[in-house]
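Here's the structure we're looking at; comments come further down.
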Amino acid sequence: ALDQLGLDAESRYLVERYYVEYTVAGAGLNEAEKARLRDYNQHLSTLTTRFEKNLLADTNDLAVQALKNKQIDGIVADLPTAFYMTAAQLDDGVIVDVNDAFCELSGHRREGLLGRTVMDIRLWVDTAQRESVLQEGRQKGVVKNREVLLRHANGEAHHCLLFTKVFEYDGKPHHLSMAIDISERKRSEDELGYAEARYRAMVENTLSGVAIFRALGDCEDFEYLEFNKAAERIDLVSREEVVGKTLLEAFPGSRESGLYQALCRVWRNGIGENLPVYYYQDDRISGWRESFVYRLPSGELVEVYSDHTALI
């Protein structure tokens with residue numbers, strides 16, 4: 001049975017262990033083994049996109065025994081991740097079994113789900129996503145890590161990671177699917193994206209020059225990671241000509257101006273430092289600058305500076 005499903009303990013995603021665990025009913029496990037499996041599932045429920053990196057040998061051993069018996073028992077109801085099983089003969093997806101976590105995710109009672117189709121309950125927000133999952137399942141027998149939108153009974157859309165396996169149950173093909181709600185993670189990603197966009201807009205549109213550096217070695221030099229529009233205007237050089245180069249390559253007069261030494265001090269002690277108006281000069285440009293340098297939690301350094309040449 002294991003060979004027929006094409007499972008490979010070295011390369012299969014951990015979610016496929018879940019599919020196997022779903023069939024543990026009546027697999028000859030004693031109560032201690034079932035309790036141990038529940039503990040594993042409780043741990044696994046906290047994982048989302050890294051299932052494939054956390055292979056659990058003990059769970060896999062129990063799963064192999066379960067596959068040989070091809071049975072289901074009440075342990076499914078205790079699994080903390082949403083499972084649902086549908087008949088695969090028809091594309092409308094008649095629901096054969098669900099667990100409590102799926103009822104919570106979908107907002108439907110178990111008795112209101114069994115015998116109905118996923119189309120009846122309007123589970124899929126985007127039916128094109130469902131068609132794509134079905135097509136891949138027909139071709140490959142398994143669908144992994146697919147981000148989809150599933151609808152709650154109250155109409156709210158949930159971002160979910162979907163894993164679907166085509167397998168035989170009672171001599172007929174079925175889809176066994178696991179849905180992990182990642183809505184909170186998506187919200188966090190969106191908020192981070194908005195914050196980054198606001199930060200970039202602020203940096204790009206400020207009148208002060210902004211440069212971000214990464215220290216190389218023990219302050220041997222500092223590589224430019226960012227260089228905004230105001231910095232381009234002040235130093236008469238494009239971002240493309242600076243990012244990726246080091247401070248001493250792009251601005252060889254930085255030692256004499258004191259900027260290099262200030263960056264070293266701030267990198268070492270983490271204390272922001274103001275450089276009062278100083279003179280910078282190299283073979284290309286010259287002028288009076290004022291800078292403030294500080295260290296980010298990541299260890300990267302930021303220089304915010306302005307051109308005072310016209311005031312001197």
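Numbering of residues begins at 1 and proceeds along the displayed sequence. Source: prediction; values computed, not measured.
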Considering residues, nucleotides and ligands other than [X], do more than 12 of their heavy atoms fall under 6.0 Å from its [atom1]?
X    : atom1 : value
R284 : CZ    : yes
L207 : CG    : no
R109 : CZ    : no
E256 : CD    : yes

Is NZ or CZ of R255 both nearer than 6.0 Å to the six-membered ring centre of Y260 and within 45° of the ring axis? yes
Please examine the side chains of [Y] and [X], heavy atoms only from C-beta on, and report whether any two atoms are closer than 4.5 Å.
X    : Y    : answer
I182 : E147 : yes
R146 : L161 : no
I271 : Y294 : no
V133 : R130 : no
M178 : L162 : no
I121 : I95  : yes
E156 : R151 : no
H152 : H108 : no

For N228 and V210, indicate whether the former's side chain and the latter's backbone hold a donor-acceptor pair under 3.5 Å. yes
Taking T164 for the side chain and V142 for the main chain, is one N or O donor matched with an acceptor at less than 3.5 Å? no
Does either side chain, that of S291 or that of E303, offer a donor lying less than 3.5 Å from an acceptor on the other one? yes
Can a side-chain donor-acceptor contact be found between S238 and E241 if the only test is distance below 3.5 angstrom? yes
Cationic N near anionic O, under 4.0 Å, [X] to [Y]:
X    : Y    : result
R268 : D218 : yes
D97  : R110 : yes
R187 : E184 : yes
R214 : E223 : yes
E273 : R265 : yes

Would a single hydrophobic cluster contain both L236 and F227, if residues Ile, Leu, Val, Met, Phe, Trp and Tyr are joined by side-chain heavy-atom contacts under 4.5 Å? yes
What residues, two or more places apart in sequence or in another chain, satisfy side-chain hydrogen bond (donor to acceptor under 3.5 Å, both in side chains) together with D283? none
With L123, which of L105, L150, V148, T86 fulfils side chain to side chain contact (heavy atoms under 4.5 Å, CB included)? L150
Could you grab the distance from atom CD1 of I285 to atom CG of D235, nearest 0.5 Å is fine? 4.5 Å
How many angstroms lie between CG in L275 and OG in S257, if you round to the nearest 0.5 Å? 7.5 Å
Any chance the rings of F213 and Y224 have centres within less than 6.0 Å? yes
